[in-house]
Asks: 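The following block contains the structure, expressed as structure tokens.
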Amino acid sequence: MATSTKPHLKGVVFDMDGTLTVPVIDFQAMYKAVLGNDEYLAVKSKNPSGIDILHHIESWSPDKQRKAYEIIADFEKQGLDRLQVMPGAAELCGFLDSKNIRRGLITRNVKDAVDLFHERFGVKFSPALSREYRPYKPDPAPLLHICSTWEVQSNEVMMIGDSLKDDVVCGKRAGAFTCLLDETGRYDAPEYANVEHKPDYKVSSLVEVQSLLERDFELTS
């Protein structure tokens, strides 16, 4: 009898904002509020694939940093008030559970947001690493920590997220499979054609993920 040559998948790690939850934070407005319009435009021109605001403000003075975090927290709080679970998320989690595939979460949002998400969704992700876990994405450390906790190899895990610069880079650096959720096709734009880290898969909704997992992977706990 022929043995399967498909890679084994033992766990899936999700981003939260814009992946498991409907994107509600106006990041452009938040970046402008933190940086000011002129600096925002200057930083954006140097980072066409997206601004990493958390890393950007790390070099600031403590007082300036504190004010920046207050602005970010305010935008995030407004987002929490409108929290909605992404279409297909519940069904995908149910499918993973049926196959005994582990589920984890890595977000650059705060722990309060993760707790509220768990409460609203009624489904737990474990480990669920928030911004309090350092270093955060795109560093591979949080994903490698989850793999270590699960006692699995990183090449037995998939990272799913809607950010090329955070989720895909984190996954690729860790040695995991990566799936980019691109609802609007924005990553088809020419400026993303030559990025260093490209996703193994790209989907326009979480609904598509189950079929690609069944097609391309040996699903084992």
Asks: Ignoring hydrogens and angles, tell me if any N or O in the side chain of Lys137 forms a donor-acceptor pair with the backbone of Ser163 under 3.5 Å.
Replies: no
Asks: Could you state the interatomic distance from CG (Leu96) to CE (Met158), rounded to the nearest 0.5 Å?
Replies: 10.0 Å
Asks: Give, for atom CD1 of Ile160 and atom CG of Leu206, the distance between the pair rounded to the nearest 0.5 Å.
Replies: 7.0 Å
Asks: Within the side chain of Thr19, is there an N or O that forms a donor-acceptor pair under 3.5 Å with the backbone of Asp162?
Replies: yes
Asks: Can a donor-acceptor pair be found, under 3.5 Å and without considering hydrogens, that links the side chain of Glu208 to the backbone of Ser205?
Replies: yes
Asks: Between Asp188 and Lys202, is there a salt bridge with N-O shorter than 4.0 Å?
Replies: yes
Asks: Tell me whether Leu20 shares a hydrophobic cluster with Val22, the cluster being built from Ile, Leu, Val, Met, Phe, Trp, Tyr side chains joined at under 4.5 Å.
Replies: yes
Asks: Let me see the working for Tyr31 and Lys44 under side chain to side chain contact (heavy atoms under 4.5 Å, CB included), right down to the final yes or no.
Replies: CA-CA 10 Å; Tyr31 298 155; Lys44 188 172 186 292; over 6 Å; no
Asks: Are the side chains of Lys67 and Val34 in contact, using a 4.5 Å heavy-atom criterion?
Replies: no
Asks: Rounded to the nearest 0.5 Å, what separates atom CG in Leu105 from atom OG1 in Thr107?
Replies: 6.5 Å
Asks: Atom NE2 of His56 and atom CD of Glu39: how far apart are they, to the nearest 0.5 Å?
Replies: 4.0 Å
Asks: Would you say that more than 12 heavy atoms from the other residues, nucleotides or ligands in this model lie under 6.0 Å from the CD of Gln153, or not?
Replies: no
Asks: Report the C-alpha distance between Arg108 and Asp166 in whole Å, list the side-chain angles of each, state the deciding distance to 0.1 Å, and finish with yes or no for salt bridge (Lys or Arg N to Asp or Glu O under 4.0 Å).
Replies: CA-CA 9 Å; Arg108 288 157 57 103; Asp166 293 334; 3.6 Å; yes
Asks: CD of Glu218 to CD of Glu156: how many Å apart, nearest 0.5 Å?
Replies: 12.0 Å
Asks: Answer whether the closest heavy-atom distance between the side chains of Leu213 and Leu9 falls below 4.5 Å.
Replies: yes
Asks: Just by modelled atom types, is the Met16 backbone N or O under 3.5 Å from a matching donor or acceptor in the Thr21 side chain?
Replies: yes
Asks: Does atom CD (Glu58) have a neighbourhood of more than 12 heavy atoms from anything else shown, all under 6.0 Å?
Replies: yes
Asks: Any side-chain heavy atom of Leu181 within less than 4.5 Å of one from Glu183?
Replies: yes
Asks: Side-chain contact, heavy-atom cut-off 4.5 Å: Ile106 with Pro142?
Replies: yes
Asks: Answer yes if Ile57 and Val43 sit in the same cluster of Ile, Leu, Val, Met, Phe, Trp and Tyr residues linked by side chain heavy atoms under 4.5 Å apart, and no otherwise.
Replies: yes
Asks: Centre of Tyr136's six-membered ring, under 6.0 Å away, within 45 degrees of the axis: is that where NZ or CZ of Arg131 sits?
Replies: no
Asks: Establish whether Phe177 and Val203 are linked, either directly or via other cluster members, by ILVMFWY side-chain heavy-atom contacts under 4.5 Å.
Replies: yes
Asks: Roughly how far, to the nearest 0.5 Å, is CG of Asp167 from SG of Cys179?
Replies: 10.5 Å
Asks: Strictly under 6.0 Å, is that where the ring centroids of His8 and Phe217 end up?
Replies: no
Asks: Can a donor-acceptor pair be found, under 3.5 Å and without considering hydrogens, that links the side chain of Thr149 to the backbone of His145?
Replies: yes
Asks: Are any side-chain N or O atoms of Glu132 and backbone N or O atoms of Lys111, one a donor and one an acceptor, separated by less than 3.5 Å?
Replies: yes
Asks: Before we go on, tell me: are the rings of Phe117 and Phe125 under 6.0 Å apart, centre to centre?
Replies: yes
Asks: Taking atom types as modelled, is there a side-chain donor on Ser61 or Gln65 under 3.5 Å from an acceptor on the other?
Replies: no
Asks: Determine the minimum heavy-atom distance between Asp200 and Thr178, stating which atoms define it.
Replies: OD2-N, 2.8 Å
Asks: If you look at every heavy atom in Gly171 and Leu143, which pair is closest and at what distance?
Replies: CA-CD2, 3.6 Å
Asks: Report whether Phe121 and Leu92 are members of the same hydrophobic cluster (ILVMFWY, side-chain heavy atoms less than 4.5 Å apart, transitive linking).
Replies: yes
Asks: List the atom of Lys198, the atom of Tyr192, and the distance in Å for their closest heavy-atom pair.
Replies: CE-O, 4.5 Å
Asks: Below 4.5 Å, heavy atoms only, C-beta onward: do Leu164 and Leu180 meet side chain to side chain?
Replies: yes
Asks: Nearest heavy-atom pair of Val169 and Pro138: which atoms, and what distance?
Replies: CG1-CB, 3.7 Å
Asks: Does Asp182 use its side chain to pair, donor to acceptor, with the backbone of Tyr187 at less than 3.5 Å?
Replies: yes
Asks: Which atom names give the shortest non-hydrogen contact between Val168 and His197, and what distance separates them?
Replies: CG1-O, 3.7 Å
Asks: Is it the case that the side chain of Arg103 and the backbone of Lys124 share a donor-acceptor pair, with hydrogens and angles ignored and the cut-off at 3.5 Å?
Replies: yes
Asks: Are Val207 and Val209 joined in one hydrophobic group, where the rule is that I, L, V, M, F, W and Y side chains link up if heavy atoms are under 4.5 Å apart?
Replies: no
Asks: Considering non-hydrogen atoms only, spot the tightest contact between Val157 and Val13 and give its length.
Replies: CG1-CG2, 3.9 Å
